[in-house]
Number of protein chains: 2
Amino acid sequence: MVILLTNDDGIHSYGIRDLSKVLSKEHEIYIVAPDRERSATSHSLTLHKPLRAKEVEIYGAKKAWETNGTPSDCVKLGVYVLLSKRPDLLISGINRGANLGTDVLYSGTVAAAMEGAFLGIPSIAVSNVSFEKKIDFTLSANLTSRFISSVEKILEPGVIFNVNVPDCLEEEIKGFKLVSLQLRNYKNLIETRVDPKGEKYYWLYGVPDETSSDIDSDINAIKRKYVSITPLHWDLTNISLLEKIKNLGIF
Amino acid sequence: MVILLTNDDGIHSYGIRDLSKVLSKEHEIYIVAPDRERSATSHSLTLHKPLRAKEVEIYGAKKAWETNGTPSDCVKLGVYVLLSKRPDLLISGINRGANLGTDVLYSGTVAAAMEGAFLGIPSIAVSNVSFEKKIDFTLSANLTSRFISSVEKILEPGVIFNVNVPDCLEEEIKGFKLVSLQLRNYKNLIETRVDPKGEKYYWLYGVPDETSSDIDSDINAIKRKYVSITPLHWDLTNISLLEKIKNLGIF
């Protein structure tokens with residue numbers, strides 16, 4: 001397959017490089033990724049300034065470009081301008097750190113996969129739940145390769161997968177698990193402090209509250225050392241509430 | 001009701017001020033909003049620097065604070081620290097510019113409403129589709145007030161509504177319309193130019209392609225001059241694809 005890789009950790013991250021190395025054994029790899037970490041602005045498109053793309057050498061990739069844009073910009077640039085052929089598949093990642101449950105709504109890695117799906121390209125977001133600075137992503141890349149083979153036949157336009165790899169040794173991984181997203185609650189802790197002038201200021205810090213994880217959820221799958229697989233869609237419409245309101249005749 | 005207002009256009013925008021003025025006739029209003037426009041970083045939480053909140057006077061509001069945080073920060077600060085009582089309802093807006101279809105996934109206005117819902121507070125995102133610099137939001141605020149009265153009985157924790165007001169005169173508005181989000185396609189146009197040094201650069205610009213809007217969609221409702229009402233949820237799991245894959249026995 002022709003595969004376009006992008007991410008939000010930047011083109012210099014180990015995650016995208018290990019992915020390129022491993023997937024290039026069986027696929028034709030192109031990379032269009034941000035020139036630096038773009039986690040904060042990753043949902044956005046750059047409309048207010050021109051974009052640049054510079055060709056770079058990445059092991060395994062037939063061609064690779066770094067851009068000054070966001071992950072979503074990279075997907076558009078890759079598909080519409082830089083690649084000479086249309087990709088069969090887009091992979092966003094491998095992200096350093098989990099993208100689980102409702103956090104998916106805030107994820108740049110997943111946003112890039114959604115962008116691919118909007119352009120009609122089957123897309124996969126892959127994350128490794130470890131936040132270590134130096135992760136070896138080879139295992140995650142190998143698992144991604146196996147995952148692609150498993151789902152190759154159902155990679156139709158509009159299909160999006162969110163994949164998370166647990167932080168453990170290869171022999172500890174129990175396999176793939178098809179699961180739903182779970183509402184990720186945080187114990188939202190805010191610490192109020194007082195500065196030397198006597199003014200208050202606040203530190204936000206969120207600790208995930210995972211005491212009540214659903215058995216069939218992505219969060220629980222990761223806890224149990226499975227690779228979590230969740231098919232996503234883009235439709236935030238709450239159909240059941242919509243039907244309920246219709247039946248009530250409010251509108 | 002006790003209502004907390006926030007937005008992503010900033011506390012100085014007309015949208016939130018007109019909302020405060022109108023809703024304060026019937027409700028107890030509190031405002032916690034960014035001190036400037038925060039559209040770009042609106043999905044994010046501020047964990048890397050301390051937050052400040054400064055009390056300000058806003059017409060209609062019992063108390064109001066401007067903060068250096070994002071809309072999501074504002075919701076957390078309001079609920080956990082600043083307000084002395086728990087709000088019955090959160091309203092994010094009134095946004096200048098539409099939040100329709102799949103664009104909702106990228107909207108700071110909607111993100112703030114989702115944050116409210118995560119904290120168990122019924123939440124409404126309100127946008128006016130006009131992009132004019134000087135909109136009179138009074139009509140939109142009056143419509144929001146009417147909308148609140150209509151749905152007051154079903155404002156349970158977890159309920160999120162996305163409301164868009166069309167850009168037209170009061171007498172032209174046909175009423176409220178309960179609709180689904182529509183996949184918003186863009187004609188993704190990228191213009192390639194060459195700078196004086198002979199290097200290529202790219203301008204992204206997206207023109208919404210609304211030739212094929214679904215009859216029951218928010219985009220179509222706005223076109224027909226209805227106020228679009230869409231109940232939202234946070235779950236991006238594609239249940240039907242998940243079931244299909246289960247049936248295929250892939251995992």
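Since this is a predicted model, take the numbers as computed values, not measurements. Chain naming here is simple, since letters A, B, ... match the order of the sequence lines and numbering starts at 1 in each.
- Using cut-offs of 30° and 60° for the angle between ring planes, the B/Phe118 and A/Tyr106 rings count as perpendicular.
- To the nearest 0.5 Å, the span separating CD1 on B/Ile160 from CG on A/Leu241 amounts to 9.5 Å.
- Top candidate by heavy-atom pairs under 4.5 Å with chain B, chosen from A/Ser150, A/Pro231, A/Ser240, A/Gly175, is A/Pro231.
- Of all the listed residues (A/Leu77, A/Thr67, A/Thr192), the one sharing the greatest number of non-hydrogen pairs under 4.5 Å with chain B is A/Leu77.
- Options A/Val110, A/Leu51, A/Asp218 differ in how many heavy-atom pairs under 4.5 Å they form with chain B, and the most are formed by A/Leu51.
- Interface remark: B/Tyr205 contributes backbone atoms only to the contact with chain A (heavy atom separation under 4.5 Å).
- The list of salt bridge (Lys or Arg N to Asp or Glu O under 4.0 Å) pairs with a residue in residues 232-241 of chain B, not counting sequence neighbours, is empty.
- Within the 4.5 angstrom heavy-atom criterion, only backbone atoms of A/Lys200 (N, CA, C, O) approach chain B.
- Residue contact with chain B, scored on non-hydrogen atoms closer than 4.5 Å, involves the backbone and the side chain of A/Leu232 alike.
- Heavy-atom distances place no part of A/Leu189 under 4.5 Å from chain B, backbone and side chain included.
- Taking 4.5 Å as the limit, some side-chain heavy atom of B/Leu82 sits within range of a side-chain heavy atom of A/Tyr202.
- Heavy-atom pairs under 4.5 Å with chain A peak, among B/Asp195, B/Val151, B/Leu204, B/Val159, at B/Leu204.
- At most 12 heavy atoms of other shown residues, nucleotides or ligands fall within 6.0 angstrom of atom CZ in B/Arg146.
- A/Asn162 CG to B/Asn238 CG: the interatomic distance, rounded to the nearest 0.5 Å, is 12.5 Å.
- Atom OG1 of B/Thr237 sits about 10.5 Å away from atom CD of A/Gln182, to the nearest 0.5 Å.
- Legend: residues meeting side chain to side chain contact (heavy atoms under 4.5 Å, CB included) with A/Lys54, ordered by chain and number and at least two apart, are A/Glu66.
- Residues A/Thr102 and B/Met114 are not in side-chain contact: their nearest non-hydrogen atoms beyond the backbone lie 4.5 Å or more apart.
- Residues of residues 242-250 of chain B that come closer than 4.5 Å to chain A, counting heavy atoms only, are B/Leu242, B/Lys244, B/Ile245, B/Lys246, B/Leu248, B/Ile250, ordered by residue number.
- Of the listed residues A/Val81, A/Thr230, A/Asn68, the one with more heavy-atom pairs under 4.5 angstrom with chain B than any other is A/Val81.
- Residue A/Glu191: no heavy atom, backbone or side chain, is found under 4.5 Å from chain B.
- Scored by the side chain to side chain contact (heavy atoms under 4.5 Å, CB included) test, B/Lys177 finds B/Val179, B/Ala221, B/Arg224, B/Tyr226 as partners (sequence neighbours excluded).
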